[in-house]
Colleague: 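So that we are looking at the same thing, I have put the structure below in structure tokens.
In what follows, residues are counted from 1 in the order of the sequence shown. When a ligand or atom number is given, it counts from 1 through the structure's own listing order.
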Amino acid sequence: MKKIRKAVIPVAGMGTRFLPVTKTIPKEMLPIINKPTLQYLIEEAVNSGIEEILLITNPYKKAIEDYFDVSYELEDRLLKNNKLEQLEMLQKISSMVKVYYIRQGEPLGTGHAISLAKTFIGNEPFAIMYGDDLIKSEIPALKQLIDVYEKYDCNVIGVQKVDPNVVNRYGIIDYEDEKTGKIKGLVEKPKIGELPSNYAGLGRYILKSEIFDELEKIDKVNGEYLLTDAMLRLMKKQPFYDCRFEGIYYDIGNQFGYLKANIEYGLEREDIRGELMKYVNNFNEK
Ligand code: UTP
């Protein structure tokens with residue numbers, strides 16, 4: 001069985017749910033306290049054994065490329081000022097893993113974004129992480145998906161149970177067998193009351209390279225090529241299993257999801273927790 005060595009992170013979406021800030025700041029660079037969401041994702045990938053990452057970016061998201069590059073001037077200044085802790089923090093960012101970039105000229109959807117990774121991936125199975133889906137967990141979520149891949153040698157979709165009242169925001173899993181996690185379909189944003197299950201796909205996938213053949217065959221839906229449509233085609237030819245990953249999921253492309261992530265990550269920081277608890281409790285009493 002081939003090892004999962006590469007991950008693709010599409011970050012070229014327009015982030016319309018988070019305008020106006022996303023006019024100039026990519027949503028994937030919005031900080032959870034002091035670290036951009038994308039850095040958490042890259043750390044998750046590295047801690048799951050990923051060796052190379054391809055970011056699908058666009059001309060308006062230069063901040064991303066700069067962030068993961070070396071910043072000589074700043075590092076030199078920190079060294080001269082003996083700010084060694086901060087220097088080490090910066091050096092870690094640029095040396096974590098090999099990061100490559102491809103630009104998606106037009107935001108033509110997740111399917112189009114992933115199709116640009118064809119040459120980078122070749123014929124290996126690979127991971128996909130959506131740039132605005134953040135997961136806080138003890139065992140990295142992607143590692144949990146890789147474990148399922150290694151068990152069944154199959155395609156894998158990371159899922160969690162979601163509130164039936166908000167399922168219309170997600171791609172909902174249609175199971176062949178809910179017990180074993182074998183998947184037969186996926187319904188994008190179904191109507192409440194017409195749900196194949198309560199499990200939603202949440203931005204983590206392991207896919208075989210045959211997905212690229214299917215990506216070439218899909219049509220646009222409302223102006224976008226959707227990865228889901230290519231996965232539905234591949235499901236007819238290869239097995240897909242779910243991974244009900246342990247962890248807390250945050251949609252940081254959604255304003256409330258982003259706020260929740262900041263509060264919950266803050267509550268885990270020893271230097272912030274005390275003050276934050278006091279602040280929140282005081283707020284409750286008002
Ligand atoms: P989303 O659908 O959540 O991103 O895509 P979006 O289009 O930016 O969202 P809104 O609705 O306008 O706020 C999931 C991931 O795929 C990337 C996004 O950047 C995000 O990380 N994406 C989406 C692309 O790279 N290219 C696209 O054409 C669309």
Colleague: Sequence neighbours left out, what passes salt bridge (charged side-chain N to carboxylate O under 4.0 Å, His left out) with K237? Give chain and number order.
Modeller: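 Scan of K237 (salt bridge (charged side-chain N to carboxylate O under 4.0 Å, His left out), adjacent residues dropped) gives E214.
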
Colleague: At less than 4.0 angstrom from any atom of ligand 1, which residues have a non-hydrogen atom? List them by chain and residue number.
Modeller: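 Close residues (ligand 1, cut-off 4.0 Å): P10, V11, A12, G13, M14, G15, T16, R17, K27, E28, Q104, P107, L108, G109, T110, A113, Y130, G131, D132.
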
Colleague: Checking K80 against D76 for the salt bridge (charged side-chain N to carboxylate O under 4.0 Å, His left out) test, could you report, in this order, the C-alpha distance in whole Å, the side-chain angles of both residues, the deciding distance, and whether it holds?
Modeller: CA-CA 6 Å; K80 281 184 185 139; D76 189 48; 2.8 Å; yes

Colleague: What residue among E124, E150, E51 forms side chain to side chain donor-acceptor pair (under 3.5 Å) with K3?
Modeller: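 Checked E124, E150, E51 against K3; only one passes side chain to side chain donor-acceptor pair (under 3.5 Å): E51.
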
Colleague: Looking at Y205, F212, F120, which one forms a ring pair (Phe, Tyr, Trp, His ring centres under 6.0 Å) with F126?
Modeller: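 For F126, the ring pair (Phe, Tyr, Trp, His ring centres under 6.0 Å) test succeeds with only one of Y205, F212, F120, which is F212.
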
Colleague: For residues 37-47, which residue pairs pass the side-chain hydrogen bond (donor to acceptor under 3.5 Å, both in side chains) check, not counting sequence neighbours?
Modeller: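 Residue pairs passing side-chain hydrogen bond (donor to acceptor under 3.5 Å, both in side chains), neighbours aside: K35-E43, Q39-E43, Q39-Y67, E44-R204.
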
Colleague: I need the full list of side-chain hydrogen bond (donor to acceptor under 3.5 Å, both in side chains) pairs touching residues 99-108, with sequence neighbours left out, sorted by first then second residue.
Modeller: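 Of all non-adjacent pairs touching residues 99-108, those that pass side-chain hydrogen bond (donor to acceptor under 3.5 Å, both in side chains) are Q104-H112.
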
